[in-house]
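A, B, ... follow the sequence lines: proteins, then strands. Residue 1 opens every chain.
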Amino acid sequence: MIDERLKKDLAILPISTIRALTNLSDRQIRYYESQDLLTTKRGKGGQRRFSLNDVERLIEIRTMMESGDSLKDIHDLYETNRVRNRQDEKIDFVRSLENEFLKIGRLEKH
DNA sequence: GTTCTCACA
DNA sequence: TGTGAGAA
């Protein structure tokens with residue numbers, strides 16, 4: 001369903017929930033956000049609202065930290081992933097265009 | 001009662 | 001990164 005992505009992106013969870021789900025201190029969570037590892041929104045009174053995607057990302061970050069990676073390593077990894085994903089999307093877009101052209105070509109030949 | 005920001009022995 | 005103060 002298209003709704004699934006929307007639900008995961010919904011930033012509605014308070015930091016206390018994130019703390020329980022990730023076993024990280026709220027101090028650490030806020031620090032990681034300051035290092036651009038998270039995309040949070042602000043609610044009433046400037047309080048952070050996290051999404052399920054943030055939870056998943058924080059768990060990954062904690063795992064990487066435990067295996068000795070620095071915050072910079074993690075940041076770089078997400079950066080390269082972001083670039084690679086953009087390229088993949090571009091490739092998919094080109095492929096879909098090619099398919100459309102092939103369809104049109106077949107139709108015109110008839 | 002919770003979360004936020006800022007500062008530090 | 002932790003902790004504590006003061007505000008919202």
For this session: Output all residues satisfying salt bridge (charged side-chain N to carboxylate O under 4.0 Å, His left out) with A:Arg82, sequence neighbours left out; order by chain, then residue number.
Result: A:Glu79
Exercise. What residues form a side chain to side chain contact (heavy atoms under 4.5 Å, CB included) with A:Gln35, not counting sequence neighbours?
Worked result: A:Tyr31, A:Leu37, A:Leu71
Problem set entry | Results of salt bridge (charged side-chain N to carboxylate O under 4.0 Å, His left out) for A:Arg48 - residues two or more places apart only | A:Glu33
For this session: Under the salt bridge (charged side-chain N to carboxylate O under 4.0 Å, His left out) rule, collect the residues that match up with A:Glu98, sequence neighbours excluded.
Result: none
For this session: Please name all residues satisfying side chain to side chain contact (heavy atoms under 4.5 Å, CB included) with A:Leu21, sequence neighbours left out, ordered by chain then number.
Result: A:Thr17, A:Val55
Exercise answer: donor-acceptor pairs, residues 83-97 of chain A side-chain atoms, under 3.5 Å, sequence neighbours excluded:
from	atom 1	to	atom 2	distance (Å)
A:Arg84	NH2	A:Asn81	OD1	3.4
A:Asn85	ND2	A:Asn81	O	3.2
A:Ser96	OG	A:Asp92	O	3.4
A:Ser96	OG	A:Phe93	O	2.6

Detail all sub-3.5 Å separations between protein N/O atoms and N/O atoms belonging to nucleotides 4-7 of chain B.
from	atom 1	to	atom 2	distance (Å)
B:dC4	OP1	A:Arg48	N	2.9
B:dC4	OP1	A:Arg48	NE	3.0
B:dC4	OP2	A:Arg30	NE	2.6
B:dC4	OP2	A:Arg30	NH2	2.6
B:dT5	OP1	A:Arg42	NH1	3.3
B:dT5	OP1	A:Arg42	NH2	3.0
B:dT5	OP2	A:Arg48	NH2	2.2

Problem set entry | Secondary-structure string, 5' to 3', Watson-Crick or G-U under 3.5 Å, | for another-strand partners, for DNA chain C | .|||||||
Problem set entry | Those residues that, when tested against A:Lys44, pass side chain to side chain contact (heavy atoms under 4.5 Å, CB included) (two or more places apart) | none
Seminar exercise, completed: Those residues at least two apart in sequence (or on a different chain) that pass side chain to side chain contact (heavy atoms under 4.5 Å, CB included) with A:Asp26 are A:Ile15, A:Arg19, A:Arg30
Problem set entry | Atom-pair distance (OH on A:Tyr31; C1' on B:dT3), nearest Å | 20 Å
Seminar exercise, completed: Hits for salt bridge (charged side-chain N to carboxylate O under 4.0 Å, His left out) against A:Arg27, two or more places apart or cross-chain, chain-then-number order -> none
For this session: Under 4.0 Å from any heavy atom of chain A: name the first and the last nucleotide of DNA chain C that qualifies, 5' to 3'.
Result: C:dT1 to C:dT3
Exercise. Does a side-chain heavy-atom distance below 4.5 Å link A:Phe50 with A:Ile12?
Worked result: no
